[in-house]
Amino acid sequence: MALGRLCGSRDGSAGLWDWNQTWYTNSPRFTWCFENTVLAWIPCAYLWICFPFYYSYLRHKNKGYIRMSHIFKIKMVLGFLLVILCFSNVFFVMWEISQGIPRTPAFFISPAVLGITMILAMFLTQAERMMGIRSSGIMLIYWLLTFLSALVIFSSKIQRGLERVMQKCRRDINQCPEASSSFLSKITYWWFSGLVWKGCRQSLGVDDLWSVRKKDSSEEIVAWAEKDVSWIQLGRMQKNRWCFFVSDITSVLHKLINIVLMSCSLFLEFIEDQEAPSWHGYFYAFVLVLLACLQTLFEQRYMYMCLVLGLRLKTAVTGLVYRKILIMSSASRKTVTVGEIVNLVSVDVQKLMDLIIYFNGTWLAPIRIIICFVFLWQLLGPSALASIAVFLFLLPLNFMITKRRSHFQVHFMKHKDERAKLTNAILSDIKVIKLYGWEKTFMEKVHAIRRQELQALKRSQILFSASLEMVWFCFAPFQIAFVMFAVYTLVDNTHVLDAQKAFVSLTLINILNTAHSFLPFSINAAVQVNCRLRFFFFGLMSFLYIPPLKGKGRNVFASIIIRNGTFCWSKDTSPCLRRIDLTVPQGSLLAVVGQVGAGKSSLLSALLGDLEKMDGFVTMKGTAAYVPQQAWIQNASVEDNILFGKKMDETWFNRVVDACALQPDLESFPAGQKSEIGEKGINISGGQKQRVSLARAVYQRSSIYLLDDPLSAVDAHVGQHIFEHVLGPNGLLKDKTRVLVTHMISVLHQVDNIVVLVNGMIAEIGSYQELSQRNGAFAEFLQSHNTAEEKACSGFPGKSAQHKESNTSVTMIFISYLQLLVNTTDLTFQLFFFLIASLQVNTSVYAAYLRAAGLPLCAYIILLFTCQQVLSFFRGYWLSVWTEDPVHNGTQQYTELRVGVFGALGVIQGLFHLSPTAVFLGGMSASHKLFLQLLRNVARSPTVFFEETPIGNLLNRFSKEMDAIDSIIPDKLKSLLGFLFNLLEIYLVIIVATPKAAIAIVPLTAFYAVFQHFYVTTSCQLRRLEAASRSPIYSHISETFHGSSVIRAYKDQERFITKSNSLVDENLRICFPGAVADRWLATNLEFLGNGVVLFAALFAAIGRTHLSPGTAGFSISYALQITGVLNWMVRSWTEIENNIVSVERVSEYSRTPKEAPWTLNNKLQGQVWLTEGRIEFRNYSLRYRPNLELALKHINLTINGKEKIGITGRTGAGKSTLAAGLLRLVEAAEGAILIDGQDIAQLGLHDLRMKITVIPQDPVLFSGTLRMNLDPLNQYTDADIWTALELTQLKNFVADLPEQLEYKCTDQGENLSTGQKQLVCLARALLQKAKVLILDEATAAIDTETDLQIQSALRTQFKESTVLTIAHRINTIMDCDRILVLENGQIAEFDTPKQLIAQKGLFYKLMEESGLV
C-alpha cells in the first residue's frame, strides 16, 4: 500500500500490481510503480542486507593489497558515472517540481536509493582491492541482480515507447502530411502524391482523407468570424490578414518573374549572332527555364493560399448563416425561405471564393501594364505610344460592357432566388400538389421563372464573351501589335522589324494582355458577389435577435408572469396580443381557449421570446419544453427524436412512451424505437408525429411545458389516455407548470385555471366553475359549443379536435422505408454509396450533354475553332517571314504588303472568334433542356419517391448542380476547346521550326497524359464525395430552419451547432484535398511544360546554323506559352470531368420509377364524366410495395351518387389507404375502382384527381397571394372567391387585410394561424364543387363551433356531391347516410348509423370509447 502511494496511486496496491497487465495478457509486463520501486530496489536491498556481514568478513580476512589495474580503473569510472547519472535524475525531478510539474515521490526516491547503493558498491569494490579479494560472489550476485533488473526495466521502456509511437502513428495517420513534409515537398505539393496514388489504386472513402486541420475547423473559423464579422463587410481579415499579405507578395513576385522571362530577347540575339559561343545559348536556355520554374512555384503558392482562404471563408459564412437561423425571429423567418438560404451557402459563397482568387488582379494589372509599356518603349521607342492609345480605347469599352452585364447579372440572381424559393415550396408540399393534380401548373410557374433566368444569363454571358474574347484575348493583342508594328515601320523607313523586336514585343503584348484580361474575371467576380452577397450582409446579418426570457425568481410561487404585455410579430405590424396580464403559479395547469385567430399560439410564442415585445415585461422561471401545433420531427430514429440529446434512462423512457401511447406504434415498427423517421416525419402519421413531439417534451423533465393543442391529432381514446397519464392531475407532469392551448371542452373542468382570448386580449381568467357561473366570454364560448353539439346529435365529453390518425398505410410505408435503408440508419450513407459506385464518368453522360446542346451546333463550334487557330498560325508565320525580309540601304522591302496582310489575317481571325459565344449558346440550350428534364422527372415521380429522398438532395440538384450546368460547364468547355486548338498550333510551330524537338515533346506529352490520368481519377472521386457531403448540410439547414423555435425552446442550440460544424468539417475534409489536387496538377504540368521550353531552346541553339532568327523567335515565343496552355487545358478538362457529374446527377432521376400518365388522349374524348358520383369497389386490394402484405384486402362495396359516407376504424384499419387508392397515389394490387362506371385505372391521373376534391389533414399554403392559394389555376372570379370565404367564416378576416385577396402569404403560410390555413384550404375546396369530396381529418385545427358551422356549409354546398369523410370526430359523421367501418384493411361493418348502433358491433365500441354512449 505504502509503495503504491509513493507512485501516486489512490488505493495503494492498484498502482503497484495489476494482474491484467502482468498475467492475463498476451504481452506481460510489470507496472511502472513495481519496476521503479520493488524491482529496482531488490539489488539494493540485497547489498545493504549483505553489507554488514560482508564488510566484517573483509576486515577479518585481510589478504594483502592489490595494485590498481586498468580494469579496476574502468570499473570505478563507470561506477562514478552511474552515481552522477542517478543524482542528476534526482536534481532534475526536483527542478520539475519547482516548475509546477507534478511528480510522485517515487520519481526522486528511487534514483536516490540507486545512487546511494551505487556508492556502497564502489566502496565495497575498493575495500575488496585493499583486502586482497580478487573475486567476490556477493558483488557478482549484486551486479547480476542489477543487470537483470535494469534489463527488465529497459525492455519495458522500449515496449512502452513502441506503443506510444504506434498510438501516435494511429493518431496521426489521418493528419495532413503537409506539416511534416520537407520544404521541397511543400512547394511542389508532392506530399499530396500519396493520396493521388491511392485514388488510382482503390476507391477513395472519407476515411482515406485527412482530418480537418484545427486552424481550418468550423469551431475555430466561426468563432473568429463571430468576433470580427466586420471583416466580411470590409473585405479584410484580422486573424488571417497575413494570408492576404503573403499571397499578394507571391502574386507580385510571379508576375515580375514573368517579365524577367524577357531573357528570350538575349537568346534571340544569340541565334542571330553566329560568332557567339555555343555555351551562351545553353546558358540562356537554362536561365529561361529556371525563371519559368520560379514563376510556377510562386503562382501556385499564391493560388494555394487563395483557395485555402476561400475554404475558410466558406466555412465562416456557412457557420454564420446557420447560427443566424437559430436566432431568427418569427418575423425574420417570414422574409426568407430555405431555398434562398441553400442558394446562398451553395452557389453564392462559391462566387465569393472566386473573388478571392481574382482580387489581386484589380491592383496588380496596372503595375504589370506600366512595366510592359516601359519595355515596349525601350524596344520600339515612341511607336509604343500607339499601343497605349489602343489600350486606352479598349479599356472604357470593356467597362461599359461590364456595367451593362452587371445589370443582367442582378436580374439573373433575382430570378434564381425566385426559382429556388418556388422549387423549395413545391418539393416541401409535393403530396398536396399531387392530390390536386397541380403539377403542370406549378411546373409552368417554375418554367416561366427559369426562362427569365436563362434569358438574363444568356445576355450576361454573351457580353462576358464579347468582353473576354473579342476585346481582350483576340482583338487586344492583335490590335496592339498591328498598330504598333504599322506605326513603327511605316512612319520611318529606317525602322527595321527584326525577330528580336517582333517576338519580344509579342511576348510583352501577351504579358500585357494577361494583365488586363485578368480584369474582366476580377470585375465579373466582384459584380456577382456585389449582386448576391448583399443579401447576406444586409439581410441575414440584420436578423432580429430576441434574447431568451430569464426568470428572475422574484416570486417563488409563480413560474410565468406577464405584466401589461403587448406583442407583435414585427415592428412593422400591429400588435397581435394587447395588455396581457397573466400569472401562472408553479405546478399549475392553465388552459388557453378561444376562436380561430384569437391569439392562442401567439401567447405561447410570446412566452418563448419569438414575438417582439412592445410594452410590459415577461418572466419565466426554470427550463421550458415546447410542443408546437404542427409537430417538428427530425430525420432520425424514434429514440433520438424523443431523447433529443439527453442520455438514455431506460426506466423513464419506457414510462414516457407508455404515457404518450407510443408503445403499440413502436411494436409495429420494424426496428422498434430504433426505426428511422423520414424527413419531416413523412413516413409516420400526423398523430404519431404529435405523440413523438409530446414524448420528446415529457422526457426532458423541464419546469414549464408550453403545449399548443397537442391532442388535436390523435384518436379520442388516445387523447383521453394522454391527458390522464401525461397532462392531467395524475399524469407524469402533475408537478410541472403546464400551459395548454386546446379546443377540448371535456378536459377544461380538470384544469386549474382557464384563459379566454378574444381578438388578442384576455377576456377572462378563472377556474372552470368560476367562468361557467359568469355570463362572460367563456360562458358564451361554452354555450355556443354545447348548442353546436346538440345540433350534431351528440353529447360525448371528448368533443375536441381529436381525429383518427393514419393507419395501415403508415405502417406499410414505414416497413418499406426501413427495408430500403437496409440496416442503415442514415439516408446520407445510401446516397454516398450510390455516388461512389462508379469512378469514371460514363461517356453516355457527355453524349447526353452534347445532344442537349445540339449536334449541328457542336459541329459548327469545332469548325469555328479550327478556322480561328489556322488563321492564328498563318498570322504568326507571316510575322516570322516579315522579320526575315532582307535589309537594303537600312530599309526593308514590301513593308506595306506585310502590314496589310498581317492586319487582314488578324481581322479575319477576329471574325471567327464567335466560337466562345456559340459555346455559351449551346450551353444555354443544354441547360434549358436538362432543367426541364429534371423538373419533369421529379414531378412525374410517385409520392413514395419523395418519402425516400431527402429534400436536401433535391434542392442540391436544382441549385448547385444546375448552377454547374448553367455556368461552369459551358465556360470550361469553351476554355478546353480554345486551349486544345492552341496546343495543336504550338506543337505544329515547334515541330516545323525544330523537328528534333519532337523527340522530347512525345515523351513529355506522355507524362502529361499520365499526370492527367492520376489527377482525373482521384479528382472525380473527390468531387463525388464532396457532392455527397453537401446534401446533408442542406438537409440539416432545412430541418433547423423549420424547427428553430423548438430548438430555442429546449435551449439546445449548441448541440445543433456542433452537428452543423461536424457536417461542414466533413465537407471541408473533402474540399481541401480537391483544392490541393489542383495545385499538384498545375505544378507538375507546368514543370513538364518548362521541359518543352527547355528542349525547344536547346534544339534551337544546337541548330542555329540553319535556323533563322525569325523562325527561332516564332518557335520560342510559342513554346513559352505551352506551360500555361497545357496547364489550363488539362485543368479545364478536369473541371469538365468533375462538373459533368452534375449532368449525371440531374439525369439520374430519369431512371427512377414514374407514376402513370397524367392524361390519356384516347379517354373521355367528347364525354362528360363524373356527373353522378357513384363509386364502386370490385374486389379491390392494395399494397404499398410488391414485397409487402396487402394494406386493403378484397374490398367490395358500392357508394351511390350524392351519398354521404363516413369512414372510421381504429388506428391502422386502412382509412387513409382507401382514400390513397381512390386517388391512385398507390396503384391497385388487384381488382378495380369504378366511378360512374369508368375504371379509374384507365384514366390519366390528372383526369381523375382534378375531378375529385380533397381536403387533407395538414393545411398547406404556398408563398404568394391569397388569391393564388385559393385559385392556383385562375379559374374563378373574385365574387366566387368571396362567396367561398364567407361560407368558411373568413370573409371578415380577409376584408380587414391591407391587400385583401392580394395579401402576400409567406412560405408555408406562416403569417396565418393553423386554423386560418385550414379554413383557406376549405374555401379552396368549396370553389371547386367537385362531384366527389374527400375530407381527411380536415377540421382538426379549428374549434368545435367553427367546425360544426363548416360541416353545415359543406352539407349545403355539396348536397349534390358524394362526400367521403374520414372520421376524426365521431359526431361529425353521425348524420352521414352510411358509415364504413374498417378493420385490418377489410370491411368490418357498412350500414346506416342507426343500424350500426343497433348491431352493437365495432362501431358501437368506437362510440363507447369516444363517450357517445
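It should be emphasised that the depicted structure is a prediction, and the values quoted were computed from it without experimental measurement.
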For T1277 and D1280, which I'm curious about, is there any donor-acceptor pair between the side chains at under 3.5 Å?
yes

Contacts of R1378 that satisfy salt bridge (Lys or Arg N to Asp or Glu O under 4.0 Å) - sequence neighbours left out
E1203

Sub-3.5 Å donor-acceptor pair from the side chain of S693 to the main-chain atoms of K689, do we have one?
no

Under a 4.0 Å N-O cut-off, is there an ion pair linking D1271 with R1267?
yes

Can you tell me how far the CZ atom of F1293 sits from the CG atom of L1319, to the nearest 0.5 Å?
9.5 Å

If only atom types and distance count, is the side chain of K613 paired as donor or acceptor with the main-chain N or O of C568 below 3.5 Å?
no

Looking at V1363, I1366, T1253, which one forms a side chain to side chain contact (heavy atoms under 4.5 Å, CB included) with L1335?
V1363

Sequence neighbours excluded, the answer for salt bridge (Lys or Arg N to Asp or Glu O under 4.0 Å) partners of D1377 is none

Hey, which of V741, L706, L604, L694 is the one that makes side chain to side chain contact (heavy atoms under 4.5 Å, CB included) with V627?
L694

Ion pair present between D708 and K600, side-chain N to carboxylate O less than 4.0 angstrom?
no

Report yes or no: does R1249 contribute a side-chain atom to a donor-acceptor pair with the main-chain N or O of R1224 at less than 3.5 Å?
yes

Identify the heavy atoms of G599 and L577 that sit nearest to each other, and give their distance.
O-CD2, 3.7 Å

Counting only N and O atoms by type, is there a donor-acceptor contact under 3.5 Å from the side chain of S1361 to the main-chain atoms of A1330?
yes

One should read off an interatomic distance between L1380 CG and T1208 OG1, to the nearest 0.5 angstrom, of 9.0 Å

With sequence neighbours excluded, tell me which residues meet ring pair (Phe, Tyr, Trp, His ring centres under 6.0 Å) with W438.
Y436

Given 3.5 Å as the limit, does a donor-acceptor pair link the side chain of K445 with the main chain of L422, or not?
no

Salt-bridge contact E439-K434 (side-chain N to carboxylate O under 4.0 Å):
yes

